[in-house]
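Quick note on labels: first sequence line is chain A, next is B, and so on, each numbered from 1.
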Protein chains: 2
Amino acid sequence: MASDTDTLPRRTVLSDLTAARPASRYEQVKHYITERIASGEWGVGSRLPSENELVETLGVSRMTVHRALRELMGEGIVTRAQGVGTFVARPAPRAEVLELRDIADDIQAGGGRHRSRVVLLETIRADGHLALAFDQRPGVKLFHSVLIHYEDDTPLQIEERFVSPHFAPDYLDQDFATTHPHRYLFQISPPHEVEHVIFAVTPEAEQQALLELDGPEACLQLVRRTWVEGRVVMRGVFTYPGSRYSFGGRRQT
Amino acid sequence: MASDTDTLPRRTVLSDLTAARPASRYEQVKHYITERIASGEWGVGSRLPSENELVETLGVSRMTVHRALRELMGEGIVTRAQGVGTFVARPAPRAEVLELRDIADDIQAGGGRHRSRVVLLETIRADGHLALAFDQRPGVKLFHSVLIHYEDDTPLQIEERFVSPHFAPDYLDQDFATTHPHRYLFQISPPHEVEHVIFAVTPEAEQQALLELDGPEACLQLVRRTWVEGRVVMRGVFTYPGSRYSFGGRRQT
DNA sequence: TTGATGGGGTTGTATAGACTTACCTAGAGT
DNA sequence: ACTCTAGGTAAGTCTATACAACCCCATCAA
């Protein structure tokens, strides 16, 4: 069949795309596929037409279809198995976390509603351990704040911070109902250096109460120190219920 | 039928490589090129032989050479310009691969003595959840291993891995008393992409026993997936007692 | 001197066809 | 129930060929 069409420049399903863009055929095939995946016509886990079927549908050679599919696999859009077929892959490319992010953005990115409550805002004098974290001597003055962050009225994080007054002299005067410590500090200066340490802890009774936990559920604890101009300016302890949060990141090597 | 010596229809520069490994031709071409770049024979910025020259030298078709070069460009090894040529690209952007560390190195770096014990080594079929993690369909065959890592005879980590047989067909035959899964897998190929997710969990009774915990102590759980050539090749679940381990990192911004 | 033209080399894309390899299933034989 | 085998399907690879797009440079003309 169709042996008489050698001379035609191939008028196919793709032809309208060709008119819109002089993109190469294999890119058009990729677009054809990703569009159907994005629209939900081909759901996650469902099987795509085989290479040969796409050849017939789109009127291109199998090598072209193959290249499109191979590149889509490299991009993580589909997965392929020899002898089986091609399938729609990942539902949601995971966002980069463990960077320096505002939890309010984090919650809103996930579709949740964020609010926070200030529990404490005071000046303290550092004991030995805390002073060490700041590379200072015991007794040095530090600002201390404790907030709770809620996602849809469920506590998601206890945010406890110690801030160097030298860096943020007006820290105690801020209205952290409208802005947040993260934003305020970041606005003064983005840190030049950041240290993260992550622990698993069993929460104290006080933390359990703040997070409204029923029992001694395992919690993630992230301790962050930030430097500006070689000096520690902030030490934050962020506590999350293990059942409600996780840290993640994905990157190429 | 398995005709045993179908490997050498062509006697070329590549033939010895062919004998050593039944890798595909375009991979052999990639290897041929990367080896010369690594050895310094082709220095940074220097021009590679043209596709047609490589065709003559290596005795493969131009499409095969082209695929090899295209993939090397995708990996950032070379740069290409239409009408100009192909050039050696990166000096050594090998930086910070070391978030992917061997726990044995980790323990020994801290002055501890490391030993490990193999608990399980088997083939399984993936259920729905696991198959999804591999972007595969339920029922796909996977290798499954469980090891315990000790620091000075104290359990520090439960290492549970699921490995794609396609990537590491000989996984079950390894002696993980002498080498470790991490090293073995890394040696086959360093991953092109890595995903980390960190949880806090309360361990099951079985995990408590393996870690020799007295009670339901909070544990850190690191779930790692690694990709090679766009495919998930490994999913690892690493469980640490919260009192004995933490994750950390420090970097400039 | 400046600008246009064109040829040769190089990568980019596309095709048809063949063969290989891997997976799955159904059926036959324990 | 279990294992083995054969056949079908689909992706993986490789080849030979063709043309397109692009860059560089030499040549030639204004």
Open item on the list: Any base atoms under 4.0 Å from A:H66, or only sugar-phosphate, or nothing? Heavy atoms, all strands.
Closed with: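 Here A:H66 touches the bases of the nucleic acid.
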Task: Side chain A:R25 and base C:dG12 donor-acceptor under 3.5 Å - done: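 For A:R25, whose side chain was compared with the base of C:dG12, there is no donor-acceptor pair (under 3.5 Å).
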TODO: Would you confirm whether B:R224, through its side chain, and B:M234, through its main-chain N or O, come within 3.5 Å as a donor-acceptor pair?
DONE: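 No.
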- [ ] Return the minimal non-hydrogen interatomic distance between B:H192 and B:S189, and the atom names on each side.
- [x]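 For B:H192 versus B:S189, the nearest heavy atoms are NE2-OG, 4.3 Å.
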TODO: Round to the nearest Å and state the distance from A:E56 atom CD to C:dT15 atom C1'.
DONE: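 Distance check: A:E56 CD to C:dT15 C1' gives 16 Å.
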Task: Protein-nucleotide distance (B:L69, atom CG; D:dC14, atom C1'), rounded to Å - done: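 It is 16 Å, rounded to the nearest whole Å.
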TODO: Please confirm whether the backbone N or O of B:D170 pairs with a side-chain atom of B:Q174, one donor and one acceptor, at under 3.5 Å?
DONE: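 Yes, B:Q174 side chain to B:D170 backbone: donor-acceptor pair under 3.5 Å.
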TODO: Give a yes or no on whether the backbone of B:H31 and the side-chain of B:T34 come within a donor-acceptor separation of less than 3.5 Å.
DONE: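 Such a contact is found between B:T34 side chain and B:H31 backbone.
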Open item on the list: For A:M63 and A:G85, find the nucleotide of DNA chain D closest to each by heavy atoms; which residue's nucleotide sits nearer the 5' end?
Closed with: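 Upstream on the strand: A:G85.
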TODO: Please work out which of the three classes, parallel, tilted or perpendicular, describes the rings of B:H180 and B:H114, given edges at 30° and 60°.
DONE: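 B:H114 and B:H180: perpendicular rings.
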Open item on the list: Holding to ring pair (Phe, Tyr, Trp, His ring centres under 6.0 Å), I want the full list of residues that pass it with B:F162, two or more places apart in sequence or in another chain.
Closed with: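 Ring pair (Phe, Tyr, Trp, His ring centres under 6.0 Å) check on B:F162 returns B:H144.
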Open item on the list: Can you identify which nucleotide, out of D:dG12, C:dT11, C:dA14, has its nearest atom closest to the A:R80 side chain?
Closed with: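 Of all the options, the side chain of A:R80 is nearest to D:dG12.
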Open item on the list: So, does A:T86 get its side chain near the phosphate of D:dA11, meaning an N or O under 4.0 Å from OP1 or OP2?
Closed with: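 A:T86 to D:dA11 OP1/OP2: side-chain N or O found under 4.0 Å.
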Open item on the list: So, OP1 or OP2 of D:dC14: does either fall under 4.0 Å of a side-chain N or O from B:Y26?
Closed with: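 For B:Y26, the contact criterion (side-chain N or O under 4.0 Å from OP1 or OP2 of D:dC14) is not met.
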TODO: Mind calculating the distance between CD (B:Q136) and P (D:dA10) to the nearest angstrom?
DONE: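 Value for this atom pair: 17 Å.
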- [ ] Starting from C1' on D:dT13, measure out to CE on A:M73 and report it in whole angstrom.
- [x]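 One finds 13 Å between C1' of D:dT13 and CE of A:M73, rounded.
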Open item on the list: Measuring from the side chain of A:Q82 (C-beta onward, heavy atoms only), which nucleotide among D:dA10, D:dT15, C:dT15 has the closest atom?
Closed with: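 When the side chain of A:Q82 is considered, D:dA10 is the closest of D:dA10, D:dT15, C:dT15.
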- [ ] Could you state the atom-to-atom distance from CG of A:N52 to P of C:dA16 in whole Å?
- [x]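 To the nearest whole Å, that distance equals 12 Å.
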Open item on the list: Can you identify which nucleotide, out of D:dT15, D:dA11, C:dA14, has its nearest atom closest to the B:S61 side chain?
Closed with: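 Closest nucleotide to the B:S61 side chain: D:dT15.
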TODO: Provide, to the nearest angstrom, the distance between the CD atom belonging to B:E71 and the C1' atom belonging to D:dC14.
DONE: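 Roughly 14 Å, once rounded to whole Å.
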Open item on the list: Any side-chain N or O of A:R67 below 4.0 angstrom from OP1/OP2 of C:dA14?
Closed with: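 False: A:R67 side-chain N/O out of range (4.0 Å or more) of C:dA14 OP1/OP2.
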Open item on the list: Pick the closest DNA chain C nucleotide for B:G83 and for B:G139 by heavy atoms, then say which residue is nearer the 5' end.
Closed with: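 Nearest-nucleotide comparison on DNA chain C picks B:G83.
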Open item on the list: In whole Å, I'd like the distance from the CZ atom of B:F87 to the C1' atom of C:dG9.
Closed with: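 To the nearest whole Å, that distance equals 12 Å.
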- [ ] May I ask you to say what B:R125 touches in the nucleic acid, namely base, sugar-phosphate or nothing, with a heavy-atom cut-off under 4.0 Å?
- [x]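 No contact.
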Open item on the list: Let me spell it out: for each of B:V140 and B:R47, pick the nucleotide of DNA chain C with the closest heavy atom. Which residue's pick is nearer the 5' end?
Closed with: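 That would be B:R47.
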Task: Interatomic distance where CD belongs to A:E51 and C1' belongs to C:dT20 [whole Å] - done: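 My rounded result for the distance is 14 Å.
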Task: Short side-chain N/O contact from B:T64 to OP1 or OP2 of D:dT13, under 4.0 Å - done: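 Answer no for this pair, as no side-chain N or O of B:T64 is under 4.0 Å from OP1 or OP2.
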- [ ] Identify whether any heavy atom of A:R62 sits under 4.0 Å from a base atom; if not, whether one sits that close to sugar-phosphate; answer base, sugar-phosphate or nothing.
- [x]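 Here A:R62 touches the bases of the nucleic acid.
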